[in-house]
> 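Structure in structure tokens, see below.
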Amino acid sequence: MWMNPNFYDVIVVGAGHAGCEAAHAAACMGAKTLLLTMNVDTLAKMSCNPSIGGTAKGHVVREIDALGGIMGKLADQTGIHFRMLNASRGPSVRSPRTQVDKLVYNFEMKHLLEKRENLFIHQAMVTSLVVEKGKVEGVNTREGVCYQTHQVVLSTGTFLRGIIHIGHLQFPGGRAADPAAEEELSLSLQQIGCRLGRLKTGTPPRIHRRSIDFSKMEAQFGESDVFFSHDEKKRALPQMPCYITYTTPKTREIILRDLKKSALFGGKIAGVGPRYCPSIEDKMVRFADKERHQLFLEPEGVHTEEFYVNGLSSSMPQETQREVIHSIIGLENAEVIRPSYAIEYDYLKSGQLQHSLESKEIEGVFFAGQINGTTGYEEAAGQGLIAGINAALKSKGKTPFHLRRSESYLGVMIDDLISKDLDEPYRMFTSRAEHRLLLRQDNADLRLREVGHSLGLISQEQVEKVRRKKKIIEEETERFSRTIKHHLGKSASLAQILCRPEMNYEALAHTFPEDVRFFDKEIHEQIEINLRYQGYIDRQNQEVEKLRHLEKVLIPKNFSFSNLLSLRQEAKEKFMRYAPMNLEQALRLPGISPADISLLLVALKKTPSA
């Protein structure tokens with residue numbers, strides 16, 4: 001093994017969405033960073049649907065952008081169909097989503113990272129970690145090179161012992177047309193104490209545009225005012241429609257007839273699949289009372305004729321897939337370019353990571369993305385950003401960084417991942433955030449830009465912009481509450497008038513032009529939401545403050561839970577396994593009761609170092 005003479009502050013293994021964010025963040029923070037990938041031409045390749053955002057996922061992307069990450073900006077640059085999901089519902093569940101041109105996204109990501117100062121990209125397959133006395137010292141590659149570092153971010157996606165399933169056919173692969181990582185890497189992780197499990201995900205078929213009968217489908221057009229980035233807002237690519245279609249009774253008949261041929265139902269797959277993104281055969285079994293299932297035909301890009309059949313993930317044999325596709329409205333003569341398949345892979349079981357995403361057992365090793373049990377580009381990118389930040393901080397001897405649940409969806413996700421057992425791939429939902437009215441996608445910059453600036457990821461110009469925005473919102477919100485006007489025969493404050501069902505900010509400005517100033521749409525939206533939902537927002541802020549006192553009670557790193565004789569055995573086991581940093585984290589562990597926390601608090605008060 002040849003020892004590369006360069007020493008890197010941070011090495012990132014894997015260049016999917018997690019790895020790209022991690023490498024970019026670490027390099028931006030001044031760390032000499034090496035990104036190792038099996039193929040430099042597939043950086044941030046979209047293995048499944050080339051879309052970004054969606055319910056709660058859009059919140060995550062907005063937060064990534066607010067902190068200084070890159071996914072949101074690239075989504076805006078390469079998007080071809082934008083929508084605000086749940087636009088007719090309350091502000092806490094509205095989420096942006098875009099269909100992107102997958103080839104342009106990949107190209108733009110590669111070029112952006114190639115230009116990044118402090119970032120070096122090498123093509124190599126990592127086969128093992130070099131660990132000495134519980135600390136990482138480097139990585140070994142199949143190409144016979146050892147790269148030296150004290151900080152490694154592992155973002156291996158679905159490549160760890162990846163197995164692709166199409167009916168009874170199975171073969172190694174990290175995704176279609178790409179090899180799996182060498183088995184040595186999984187074995188290396190197990191040898192140094194990592195507990196691995198198996199999960200499963202899948203992807204639908206791709207079909208040729210010319211074979212689709214769009215006349216039988218409902219066209220869905222995008223929206224012009226939806227963006228992910230808080231900075232530059234402009235479209236770079238032509239916008240394209242998506243289409244809605246449905247399965248038929250014939251679809252059900254074919255799937256149920258060949259159900260045993262499915263890798264999932266035929267017993268070939270040991271890993272558990274995502275509950276909220278099931279295969280079409282899984283949907284037919286679990287939702288037997290549904291007469292039809294909605295599908296979306298989504299373009300894969302401006303310069304390709306491929307369409308993605310969203311909702312038709314399957315592990316059926318190709319001959320069954322063909323019949324299923326031809327039974328769908330508008331796809332009677334569809335040409336299949338790429339078949340659907342399922343993929344099974346290794347992941348790191350819960351309880352082995354700190355909030356910084358650093359391993360509890362191996363100092364300097366951080367994990368991000370699907371290796372932590374998540375599904376989705378957005379969840380992966382969010383973890384990559386946090387892991388990259390913390391790897392860079394550790395390389396400089398600085399304190400780890402983490403976000404609280406009350407601060408961000410990223411905080412909710414990471415807290416869930418490190419403190420809850422996963423029995424299926426984890427997907428972000430607004431329902432997972434108990435303070436979701438505070439964590440809206442529309443206020444991500446107000447919540448997190450200052451944080452990104454303190455980390456060195458947000459420029460002075462960017463943070464000054466959000467400071468001005470925040471000042472205007474606060475001043476106008478306060479002024480609206482004390483300005484009394486006569487309207488519809490009654491005296492009321494501008495705030496009260498704005499909260500009437502028939503009123504909005506623009507209508508208020510036209511009604512009282514001498515009192516209401518026009519700013520931009522984002523500021524108008526914040527003022528309106530703050531006033532309409534003030535009671536609910538105040539209540540959630542009070543709930544957050546109640547939890548803060550628990551967060552301030554720290555638990556020493558080597559605290560002996562086993563010596564607490566009055567504590568239930570289950571509580572002892574959970575505390576020892578997850579090693580919570582404070583009482584607030586301890587309370588959130590599954591199976592922990594308020595009584596357990598009270599006993600722990602008493603014990604901590606008796607501990608001098610607590």
Side-chain angles (χ1 to χ4, degrees), residues 18 21-22 25 55-69 71-72 92-93 95 230 350-351 353-358 366-369 372-374 376 378-391 393 399-420 422 426-455 457-458 537 540-541 543-555 578-590:
E21 290 286 354
T55 302
K57 292 170 176 279
H59 291 66
V60 171
V61 181
R62 294 277 282 173
E63 291 182 352
I64 290 170
D65 183 80
L67 285 168
M71 176 173 270
S92 65
V93 296
S95 300
H230 298 86
S350 182
L353 299 179
Q354 303 173 42
H355 269 84
S356 62
L357 295 180
E358 184 180 9
F366 299 79
F367 292 79
N372 288 340
T374 58
E378 304 83 0
E379 290 92 338
Q383 293 170 67
L385 177 63
I386 301 302
I389 287 170
N390 279 308
L393 289 173
T399 305
F401 162 77
H402 84 274
L403 292 164
R404 296 190 295 267
R405 294 182 69 96
S406 58
E407 289 180 309
S408 67
Y409 273 80
L410 292 173
V412 171
M413 173 178 65
I414 291 173
D415 191 59
D416 284 349
L417 290 176
I418 70 168
S419 63
K420 293 180 173 60
L422 296 178
Y426 180 96
R427 181 177 179 178
M428 197 69 244
F429 287 103
T430 53
S431 58
R432 296 191 190 276
E434 56 272 30
H435 307 299
R436 58 184 171 272
L437 187 55
L438 304 179
L439 308 182
R440 306 182 309 275
Q441 59 83 26
D442 57 76
N443 68 0
D445 57 337
L446 298 171
R447 291 185 280 117
L448 298 173
R449 279 259 137 138
E450 291 280 2
V451 177
H453 180 62
S454 69
L455 292 166
L457 297 174
I458 293 295
I537 291 172
Q540 288 206 353
N541 278 321
E543 291 171 1
V544 170
E545 284 305 313
K546 287 179 182 177
L547 290 172
R548 285 275 165 85
H549 78 278
L550 291 179
E551 189 178 286
K552 291 176 182 177
V553 182
L554 302 180
I555 301 173
Y578 291 105
M581 295 192 305
N582 54 52
L583 285 189
E584 192 264 347
Q585 290 176 15
L587 180 61
R588 295 193 183 282
L589 295 176

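All values below were derived from every heavy atom in this structure, side-chain atoms included, with hydrogens, water molecules and symmetry-related copies excluded.
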> Quick check: closest heavy atoms across Ile418 and Tyr578, and the distance to 0.1 Å?
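Closest approach of Ile418 to Tyr578, heavy atoms only: O-CD2, 3.0 Å.
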> Answer yes or no: is there a donor N or O on one side and an acceptor on the other, between the side chain of Glu63 and the main chain of Leu410, under 3.5 Å?
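It does hold such a pair.
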> Mind listing the closest non-hydrogen atom pair of Tyr409 and Ala56 along with its distance?
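Between these two residues, the closest heavy atoms are CE2-CB, 4.2 Å.
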> Treating Arg62 as the side-chain partner and Ser95 as the backbone partner, does any N or O pair qualify as donor plus acceptor under 3.5 Å?
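Not a single qualifying donor-acceptor pair exists.
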> Could you tell me if the side chain of Thr430 sits less than 4.5 Å from the side chain of Leu439, heavy atoms only?
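With C-beta onward as the side chain, the pair stays apart.
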> Apply the side chain to side chain contact (heavy atoms under 4.5 Å, CB included) test between Ser406 and each candidate in Arg548, Glu434, Glu584; give the one that qualifies.
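Going through Arg548, Glu434, Glu584 one by one, the side chain to side chain contact (heavy atoms under 4.5 Å, CB included) with Ser406 is satisfied by Arg548 alone.
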> Quick check for you: to the nearest 0.5 Å, what is the distance between Thr55 atom OG1 and Gln441 atom CD?
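Spacing of OG1 (Thr55) from CD (Gln441) equals 11.5 Å.
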> How close do Leu403 and Leu448 get, heavy atom to heavy atom, and via which atoms?
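Here Leu403 and Leu448 meet closest at CD2-CD2, 4.0 Å.
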> Could you tell me if the side chain of Ile458 sits less than 4.5 Å from the side chain of Leu67, heavy atoms only?
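They are not in side-chain contact.
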> Taking the side chain as every heavy atom from C-beta outward, state whether Asn372 and Tyr426 have any pair of such atoms under 4.5 Å apart.
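Counting from C-beta outward, Asn372 and Tyr426 never come under 4.5 Å.
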> Evaluate the side-chain proximity of Thr399 to Leu393: yes if any heavy-atom separation is below 4.5 Å, no if none is.
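No - every pair of side-chain heavy atoms lies 4.5 Å or more apart.
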> When you look at Leu353 and Leu417, which way does the side chain to side chain contact (heavy atoms under 4.5 Å, CB included) test go after all the steps?
CA-CA 9 Å; Leu353 299 179; Leu417 290 176; over 6 Å; no
> The criterion is salt bridge (charged side-chain N to carboxylate O under 4.0 Å, His left out); which residues satisfy it with Arg449, sequence neighbours excluded?
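Expected list: Asp65, Asp231.
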> Glu545 side chain to Asn541 main-chain N or O, any donor-acceptor pair under 3.5 Å?
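Checking the backbone N and O of Asn541 against the side chain of Glu545, no donor-acceptor pair under 3.5 Å is found.
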> Should the pair Arg405-Asp416 be classified as a salt bridge under the 4.0 Å nitrogen-to-oxygen rule?
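Result for this pair is yes, salt bridge flagged.
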> Arg404 vs Asp415, test: salt bridge (Lys or Arg N to Asp or Glu O under 4.0 Å). Steps then yes/no.
CA-CA 8 Å; Arg404 296 190 295 267; Asp415 191 59; over 6 Å; no
> With rounding to the nearest 0.5 angstrom, report the CD to CZ distance, Gln354 to Phe366.
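If I round to the nearest 0.5 Å, the distance is 8.0 Å.
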> Apply side chain to side chain contact (heavy atoms under 4.5 Å, CB included) to the pair Arg447 and Ser408, showing each step before the final yes or no.
CA-CA 8 Å; Arg447 291 185 280 117; Ser408 67; 4.0 Å; yes
> Do you know the tightest heavy-atom contact between Pro400 and Ser356?
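The pair with the smallest heavy-atom distance is CB-CB, 4.0 Å.
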> Short question: side chain of Ser350, backbone of Lys420 - any donor-acceptor pair under 3.5 Å?
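Between the backbone of Lys420 and the side chain of Ser350 there is a qualifying donor-acceptor contact (under 3.5 Å).
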> If I take atom CZ from residue Phe401 and atom CG from residue Asn390, how far apart are they, to the nearest 0.5 angstrom?
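Phe401 atom CZ to Asn390 atom CG measures 7.5 Å (nearest 0.5 Å).
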> Checking Arg436 now: which residues fulfil salt bridge (charged side-chain N to carboxylate O under 4.0 Å, His left out) with it, not counting sequence neighbours?
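Residues passing salt bridge (charged side-chain N to carboxylate O under 4.0 Å, His left out) with Arg436: none at all.
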> Do Leu437 and Ile537 come close enough that some side-chain heavy atom pair is under 4.5 Å?
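In short, these two side chains touch, coming nearer than 4.5 Å.
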> For Arg427, run the side chain to side chain contact (heavy atoms under 4.5 Å, CB included) check against Met413, Glu378, Lys57 and tell me which one passes.
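Passing option: Lys57.
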> Decide yes or no for Leu547 and Arg588: does some side-chain heavy atom of the first lie under 4.5 Å from some side-chain heavy atom of the second?
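Sidechains of Arg588 and Leu547: in contact.
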> Just jot down the ring pair (Phe, Tyr, Trp, His ring centres under 6.0 Å) partners of His453, sequence neighbours excluded, or say none.
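For His453, no residue satisfies ring pair (Phe, Tyr, Trp, His ring centres under 6.0 Å) once neighbours in sequence are set aside.
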> Specify the closest pair of heavy atoms between Glu21 and Leu385, including all atoms of both residues, with the distance to one decimal.
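Reported closest heavy-atom pair: CB-N, 3.8 Å.
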> Can you name the closest pair of heavy atoms from Ala586 and Ile555 and give their distance?
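Looks like CB-CD1, 4.4 Å.
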> Indicate yes or no: at least one non-hydrogen side-chain atom of His402 is less than 4.5 angstrom from one of Ile386.
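Not in contact.
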> Using a 4.5 Å cut-off on heavy atoms from C-beta on, say whether the side chain of Val544 contacts that of His435.
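With C-beta onward as the side chain, the pair touches.
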